[in-house]
Student: 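Provided herewith is a single structure, encoded as structure tokens, for subsequent inquiry.
Naming convention: chains lettered A, B, ... in sequence-line order (proteins, then strands); numbering from 1 in each chain. Note that the coordinates shown come from a computational prediction; the quantities given were computed from them, not determined experimentally.
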2 protein chains.
Amino acid sequence: MSRGRPKKFNNDQALHDAMLVFWRHGYRGTALDDITAALNINKPSLYAAFGGKEELFLQVIDHYRAHILAPIAKPLSECNNLKDGLRQYFRDIAKIVMGKETPPGCLVACMLAEECCQTESIKAKLAGAIAESDRFFCRVFEKHKDELNPQITPEAAAVLLVSTLHGLSIRARAGASQESIESGASAFLRVALKQP
Amino acid sequence: MSRGRPKKFNNDQALHDAMLVFWRHGYRGTALDDITAALNINKPSLYAAFGGKEELFLQVIDHYRAHILAPIAKPLSECNNLKDGLRQYFRDIAKIVMGKETPPGCLVACMLAEECCQTESIKAKLAGAIAESDRFFCRVFEKHKDELNPQITPEAAAVLLVSTLHGLSIRARAGASQESIESGASAFLRVALKQP
DNA sequence: TTAAATTTGTACCAATCAGTATAAAAACCC
DNA sequence: GGGTTTTTATACTGATTGGTACAAATTTAA
């Protein structure tokens with residue numbers, strides 16, 4: 001163990017809890033005092049561990065992608081059947097986005113809408129996250145091109161899918177019903193995939 | 001002319017300019033001083049004309065729907081051919097959402113993502129705006145059901161369309177290229193409409 | 001036991017926020 | 001012109017914001 005007074009909190013857990021606060025209240029809507037209260041730590045500890053509000057938020061985005069998005073994307077990237085893979089993926093996304101266990105909506109989509117015209121570093125990080133989502137789904141659709149509606153390319157299908165999910169996530173934030181979200185997701189499946 | 005010192009500004013023009021400020025900087029990101037500076041008026045005048053920040057914003061949303069969204073929706077509701085009608089509608093939406101003449105993104109979608117978990121009145125107003133968009137497109141798809149991909153109902157098509165547009169609008173806010181936006185929109189057209 | 005290192009807790013700062021009190025200014029009516 | 005009405009302009013308030021100074025607390029190394 002290192003010298004000095006021991007840390008009271010775990011950095012990863014703190015990042016997770018800070019994520020939940022930003023997720024629910026937005027970037028501007030979150031005061032640093034809200035975060036220190038949720039983590040039960042003091043502001044100097046927060047600054048020592050993560051830097052200021054902006055730096056903390058950038059790390060929260062990384063945490064979100066690594067711990068929320070990546071785990072449900074993995075099965076899709078490994079599936080043998082696009083239709084079933086996407087169906088499961090949509091179920092998982094819906095569970096997150098509906099906000100029963102987590103705050104509603106997609107953190108990337110919501111914070112992008114809110115803050116990207118204000119802080120360049122945040123805009124860059126979130127735009128990068130979208131670009132990587134595009135590339136991910138593009139690879140998935142390339143791999144299962146035989147199941148894709150031949151009217152669209154994998155690139156266009158990826159943009160359409162990511163945009164649909166972001167739009168549905170905003171809808172969920174407005175308090176939309178589970179059925180409404182699922183009807184949008186299943187509509188995508190029915191039109192974007194080749195019908196047997 | 002009424003008694004008293006004459007007003008320096010026009011209420012509708014002021015609402016329009018206030019809309020542009022909120023649109024670009026978000027609800028929390030906009031200070032009332034930003035608005036009074038843009039309108040070249042003083043705070044007491046703003047309060048007398050529109051009430052506080054929240055009431056002003058609610059009126060801005062109405063203004064946006066009446067003066068930005070409604071004019072481009074009208075041709076679609078009157079068109080005889082869904083494909084051409086939607087194509088033109090997407091062109092008009094893209095022009096707005098790309099933010100060349102106005103701030104980027106869709107005001108309803110962006111403010112919903114930002115603020116709906118904070119202020120109940122704003123959430124209600126924006127959720128109502130989405131519900132009415134759903135109903136509008138549902139009517140359009142009902143009317144042109146013969147042109148719709150038979151895999152989906154008009155209701156589901158409406159949810160999918162509105163969600164896609166909201167998602168694309170967020171993407172535009174991240175600085176996406178015109179091609180990227182158009183590829184998403186045209187992908188929707190190719191899969192959601194019955195192919196000849 | 002003492003010194004060095006590191007974190008915590010309290011208290012504070014300057015800036016900014018939404019909102020308001022008050023009086024001057026500018027019009028109309030008589 | 002005097003009185004009334006309405007809007008404008010200045011200046012202010014109390015609350016909240018992100019960020020920091022500083023000392024007490026708690027550990028390891030010697």
Student: Write down the distance between CZ (B:Phe57) and C1' (C:dA18), rounded to a whole number of angstrom.
Tutor: 16 Å
Student: I'd like to check the ring-ring contact (aromatic ring centres under 6.0 Å, His included) partners of B:Tyr64; sequence neighbours left out, ordered by chain and number.
Tutor: B:Trp23
Student: Starting at CZ of A:Phe50 and ending at P of D:dG18, how long is that distance when rounded to a whole Å?
Tutor: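 In whole Å, D:dG18 P lies 16 Å from A:Phe50 CZ.
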Student: For the pair made of CZ in A:Arg28 and C1' in C:dA18, what is the distance, rounded to whole Å?
Tutor: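 Checked: the CZ to C1' distance equals 16 Å.
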Student: Between atom NZ in B:Lys53 and atom P in C:dT20, what is the gap in whole Å?
Tutor: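 Spelled out: NZ on B:Lys53 to P on C:dT20 is 15 Å.
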Student: Starting at the 5' end of nucleotides 7-13 of chain D, put B wherever the base has a protein heavy atom under 4.0 Å, S where only the sugar-phosphate does, and a dash everywhere else.
Tutor: BSBB---
Student: Name the nucleic acid region contacted by A:Thr30, choosing base, sugar-phosphate or nothing; use a 4.0 angstrom heavy-atom cut-off, strictly under.
Tutor: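 Sugar-phosphate contact only - A:Thr30 comes under 4.0 Å of backbone atoms but never of a base.
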Student: A:Arg3 has an atom CZ; how far is it from atom P of D:dA30, in whole Å?
Tutor: 7 Å
Student: Without decimals, in angstroms, what is the distance between B:Tyr47 OH and C:dA21 P?
Tutor: 12 Å
Student: Show the atom names and distances, to 0.1 Å, of all donor-acceptor pairs under 3.5 Å that link a side chain in residues 116-124 of chain A to residues at least two apart or in another chain.
Tutor:
unit_1	atom_1	unit_2	atom_2	d
A:Gln118	NE2	B:His25	O	2.3
A:Thr119	OG1	A:Glu115	OE2	2.8
A:Ser121	OG	A:Glu54	OE2	2.4

Student: Can you tell which of D:dT28, D:dG18, C:dA18 lies closest to the side chain of A:Ala31?
Tutor: D:dG18
Student: Which pairs of donor and acceptor atoms, one on a side chain in residues 40-47 of chain A, lie under 3.5 Å apart (sequence neighbours left out)?
Tutor:
unit_1	atom_1	unit_2	atom_2	d
A:Lys43	NZ	A:Asp33	OD1	3.4

Student: Could you tell me the separation between the CG atom of B:Leu168 and the OG atom of B:Ser180, rounded to the nearest 0.5 Å?
Tutor: 7.5 Å
Student: Could you list the residues that satisfy ring-ring contact (aromatic ring centres under 6.0 Å, His included) with A:Phe50, not counting sequence neighbours?
Tutor: none
Student: Pairs under 3.5 angstrom only: tabulate donor-acceptor contacts from the side chains of residues 147-159 of chain B to other protein residues two or more places apart or in another chain.
Tutor:
unit_1	atom_1	unit_2	atom_2	d
B:Glu147	OE1	B:Leu82	N	3.4
B:Glu147	OE1	B:Lys83	N	3.1
B:Glu147	OE2	B:Leu82	N	2.7
B:Asn149	OD1	B:Gln151	N	2.8
B:Asn149	ND2	B:Val191	O	2.8
B:Thr153	OG1	B:Glu155	OE1	3.4
B:Thr153	OG1	B:Ala156	N	3.1

Student: What's the OH-P distance between A:Tyr27 and D:dT17, to the nearest Å?
Tutor: 14 Å
Student: How long is the line joining CG of B:Asp33 and P of C:dA15, in whole Å?
Tutor: 15 Å
